[in-house]
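Report on one structure; see the data block that follows.
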Amino acid sequence: MGRAEADAGREPGSVTLVCVSKTFDAEVIRPVIVAGQRVFGENRVQEALGKWPALRAETPGIELHLIGPLQSNKAREAVQFFDVIETVDRDKIAVALAKEIAAVGRAPKLYVQVNTGAEPQKAGILPEQADDFIAYCRNDLKLDVSGLMCIPPVEEQAAPHFALLNKIAARNGIKILSMGMSGDFEIAIELGATHVRVGSAIFGAR
């Protein structure tokens, strides 16, 4: 990743690697922690609850990101357990998170997921609705939206989607961009990613 930062003219260490550990057991994750990785992404609340308490007890400073879809009935557990929730993608989830943050007294960082390809099967706010949704989260629900996330369509070039996310972020004063995975993180870094979500390039195929 350091080479990608250098190629893009970015400062060394300016991009955070979110190591996608979903579906992998603690025994597979532990060597990656020993190697120095501290930021991990999980898709499901229940899966994370099953393996991360022990790993966190062994190693302080672990930062956990929820990068998969969140159901409203899991909002409290997500707020209590994750440091970052990257998939705030609709009004119902935003309302549930606001309620649980107030009740629990803990506020993970929140990223809005934008469906840059307007894919009907994929979660995320449509690009043309993103500004209003961000304003609703901030102004009506008093949520601190600090980042944006996207997953481009697999059959399309990723660059236009990353550029679109960057543009939405800029006009909303958002500095964190979670975009880019194992196959396209270099172009994501070139186009302004602050966080890249890489799994198979580290752990191998699932």
Side-chain angles (χ1 to χ4, degrees), residues 15-16 18 20 22 39-49 52 62-153 158 160-181 188 191-197:
V15 181
T16 298
V18 180
V20 179
K22 65 179 184 179
V39 185
F40 292 86
E42 289 285 340
N43 253 35
R44 299 180 183 277
V45 174
Q46 287 306 118
E47 181 187 344
L49 287 170
W52 278 104
I62 295 291
E63 180 177 292
L64 283 182
H65 291 226
L66 179 63
I67 59 173
L70 176 62
Q71 301 301 318
S72 56
N73 65 349
K74 299 293 183 183
R76 174 162 293 199
E77 290 173 309
V79 165
Q80 290 174 325
F81 194 71
F82 286 91
D83 302 294
V84 181
I85 297 173
E86 297 200 16
T87 50
V88 183
D89 63 354
R90 58 196 187 280
D91 290 0
K92 184 177 181 180
I93 287 299
V95 169
L97 288 170
K99 175 184 175 183
E100 298 304 341
I101 287 169
V104 172
R106 183 177 188 272
K109 292 181 180 178
L110 302 177
Y111 304 171
V112 167
Q113 181 175 352
V114 182
N115 185 352
T116 55
E119 298 174 273
Q121 80 282 7
K122 190 174 286 182
I125 294 293
L126 294 175
E128 62 269 23
Q129 298 171 352
D131 292 357
D132 286 345
F133 181 69
I134 293 165
Y136 170 68
C137 289
R138 287 172 163 172
N139 301 330
D140 293 61
L141 301 179
K142 308 305 179 187
L143 293 173
D144 182 12
V145 176
S146 59
L148 299 181
M149 184 268 257
C150 76
I151 306 170
H161 297 273
F162 296 155
L164 174 59
L165 197 72
N166 198 334
K167 185 180 294 186
I168 296 170
R171 65 175 181 249
N172 286 282
I174 290 173
K175 304 298 185 185
I176 296 174
L177 289 172
S178 176
M179 57 189 197
M181 297 186 286
L191 291 171
T194 62
H195 292 64
V196 294
R197 307 178 306 275

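Just so it is clear, the values below take in all heavy atoms, side chains as well, and ignore hydrogens, waters and symmetry mates. Predicted model, so just to flag it, every value in this text is computed and none were measured.
The distance from the CD1 atom of Ile125 to the CD atom of Gln113 is 9.5 Å, given to the nearest 0.5 Å. Interatomic distance, CD of Gln71 versus NZ of Lys92, reported as 8.0 Å (0.5 Å rounding). Rounded to the nearest 0.5 Å, atoms NE2 (His161) and CE (Met179) are 12.0 Å apart. Atom NZ of residue Lys99 and atom OG of residue Ser72 lie 9.5 Å apart, to the nearest 0.5 angstrom. The CD1 atom of Ile101 sits 6.5 Å away from atom CD1 of Ile85, with the distance rounded to the nearest 0.5 Å. Between Ile93 atom CD1 and Lys74 atom NZ the span is 12.0 Å, to the nearest 0.5 Å.
In terms of heavy atoms, Ala169 sits closest to Leu177 at CB-CD2, 3.6 Å. In this structure, Ser178 and Glu86 approach most closely via the heavy-atom pair OG-OE1, 2.7 Å. Closest of all the heavy-atom pairs between Val84 and Tyr111 is CG1-CZ, 3.5 Å. Nearest heavy atom pair, residue Val45 against residue Ala78, reads CG2-CB, 4.3 Å. Across all non-hydrogen atoms, the minimal contact from Thr116 to Leu165 is CG2-CD1, 4.4 Å.
Side chain of Asn115 to main chain of Lys122: a donor-acceptor pair is present (N/O by atom type, distance under 3.5 Å, no hydrogens or angles). Judged by distance alone, the side chain of Thr87 and the main-chain N or O of Gly68 form a donor-acceptor pair under 3.5 Å. At distances below 3.5 Å, at least one donor-acceptor pair connects side-chain atoms of Arg106 with backbone N or O atoms of Phe82. Checked by atom type and distance alone, the side chain of Asn166 pairs as donor or acceptor with a backbone atom of Leu191 at under 3.5 Å. Between the Arg197 side chain and the Val20 main chain, no donor and acceptor come within less than 3.5 Å of each other.
Among residues two or more places apart in sequence or in another chain, the side-chain contact (heavy atoms from CB on, under 4.5 Å) test is passed with Ala75 by Ala96, Leu97, Glu100. The side-chain contact (heavy atoms from CB on, under 4.5 Å) search around Val39 returns Thr16, Val18, Gln37, Glu63, His65, not counting sequence neighbours. With sequence neighbours left out, the side chain to side chain donor-acceptor pair (under 3.5 Å) criterion links Asp131 to Arg171, Asn172.
No side-chain heavy atom of Leu143 sits under 4.5 Å from any side-chain heavy atom of Tyr136. Residues Leu110 and Ser146 fail the side-chain proximity criterion, which asks for heavy atoms closer than 4.5 Å. Here the side chains of Asn43 and Ile67 are in contact, with some heavy-atom distance below 4.5 Å. Taking 4.5 Å as the limit, some side-chain heavy atom of Val88 sits within range of a side-chain heavy atom of Phe133.
Taking the six-membered ring for Trp and the full ring otherwise, Trp52 and Phe81 have centroids separated by 6.0 Å or more.
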Decide side chain to side chain contact (heavy atoms under 4.5 Å, CB included) for Leu66 and Leu64; before the verdict, give the C-alpha distance in whole Å, the side-chain angles of both, and the deciding distance to 0.1 Å.
-> CA-CA 7 Å; Leu66 179 63; Leu64 283 182; over 6 Å; no
Take Glu119 and Ile151, measure what side chain to side chain contact (heavy atoms under 4.5 Å, CB included) needs, and give me the verdict at the end.
-> CA-CA 10 Å; Glu119 298 174 273; Ile151 306 170; over 6 Å; no
From CA spacing to verdict: side chain to side chain contact (heavy atoms under 4.5 Å, CB included), Gln46, Glu77 = CA-CA 9 Å; Gln46 287 306 118; Glu77 290 173 309; 3.2 Å; yes
Evaluate side chain to side chain contact (heavy atoms under 4.5 Å, CB included) for Met149 paired with His195, printing each intermediate quantity in order.
-> CA-CA 9 Å; Met149 184 268 257; His195 292 64; over 6 Å; no
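Within 6.0 Å of CZ in Arg90 there are more than 12 heavy atoms belonging to other residues, nucleotides or ligands.
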